[in-house]
Each structure stands twice: as C-alpha cells, then as structure tokens.
Amino acid sequence: LRIPADTKVIPQCMALDCYKLTNFVLPETVEKISYAAFEDCRRMAAYTLPEACTVIETQAFTRNDRLVSINLDKFSYYLCIFFRKTNCKN
C-alpha cells in the first residue's frame, strides 16, 4: 500500500478488508484517519500515527485481530470503539 507523501486525510474505508496488508508508513502530513479506514486489516500488528494526526474517526481500526500496539501518546482521549475487536491494550 503506497500513500502519497502529501496526504492529509486517510479516506473512509481506504484499506477496508485488506487482509494481506502487514505494514505501511503513514506520511507525516496525515491529520485525519476517517471512518473504518483500516477496518479488517487483520495482519497489522502496530500503527504509528504521525504528529500531525489529531483526528481518528469511529471504527478506524475495528477488527484488526493482531493489533497489539498503537501510539496514542499525544491524544488526550480516544474512544474504545476505534479499536473494537482488537487485542490493543494502549
């Protein structure tokens, strides 16, 4: 999966059902991850969000069965629904 370097918004359902996706790099320009953008990316185990990213919409990472880590240090709060049906413990 190749995301253009100047991308500001990861669109809704961009990688929906990408079962074989194991890794990729989000550009530092990404400010928003839209609804269900990475839903059902079952082989992804970790995501690192760019510093510019301040918005994560509902179900962005739902049903990521192997997801165990995501860097959310800069967020003051987030809803568990982002990670529904994952093993994420952040």
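Values in this document were obtained by computation on a predicted structure and should not be read as measured data.
Separating the CG atom in Leu26 from the CG atom in Leu49 is a distance of 6.5 Å, to the nearest 0.5 Å. Atom CD1 of Ile3 is separated from atom CE of Met14 by 4.0 Å, given to the nearest 0.5 angstrom. Taken to the nearest 0.5 Å, the CG atom of Asp65 stands 9.5 Å off from the OH atom of Tyr19. Interatomic distance, Ile56 CD1 to Ile33 CD1, rounded to the nearest 0.5 Å: 5.0 Å. If you take SG on Cys18 and CE on Met44, they are separated by 10.5 Å, rounding to the nearest 0.5 Å.
There is no path of hydrophobic side-chain contacts, each under 4.5 Å, that joins Val9 to Tyr35.
Closest approach of Pro4 and Pro27 over heavy atoms only: O-CG, 3.2 Å. In terms of heavy-atom proximity, Leu21 sits nearest to Ala15 at CD2-CB, 4.3 Å. The heavy-atom pair separating Arg42 from Arg66 by the smallest distance is O-CG, 3.3 Å.
Each side chain to side chain donor-acceptor pair (under 3.5 Å) pair with one or both residues in residues 7-16, not counting sequence neighbours, would appear here, but there are none. For residues 23-32, the set of pairs meeting the side chain to side chain donor-acceptor pair (under 3.5 Å) definition, not counting sequence neighbours, comprises Lys32-Glu57.
Considering only residues two or more places apart in sequence or on other chains, Leu16 meets the side-chain contact (heavy atoms from CB on, under 4.5 Å) condition with Cys13, Glu39.
Between Phe61 and Phe38, the ring planes are parallel. Angles under 30° get that label, and only those over 60° would be called perpendicular.
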Query - Ser34 vs Ile10, side chain to side chain contact (heavy atoms under 4.5 Å, CB included): CA-CA, chis, key distance, verdict - result: CA-CA 6 Å; Ser34 299; Ile10 301 297; 5.6 Å; no

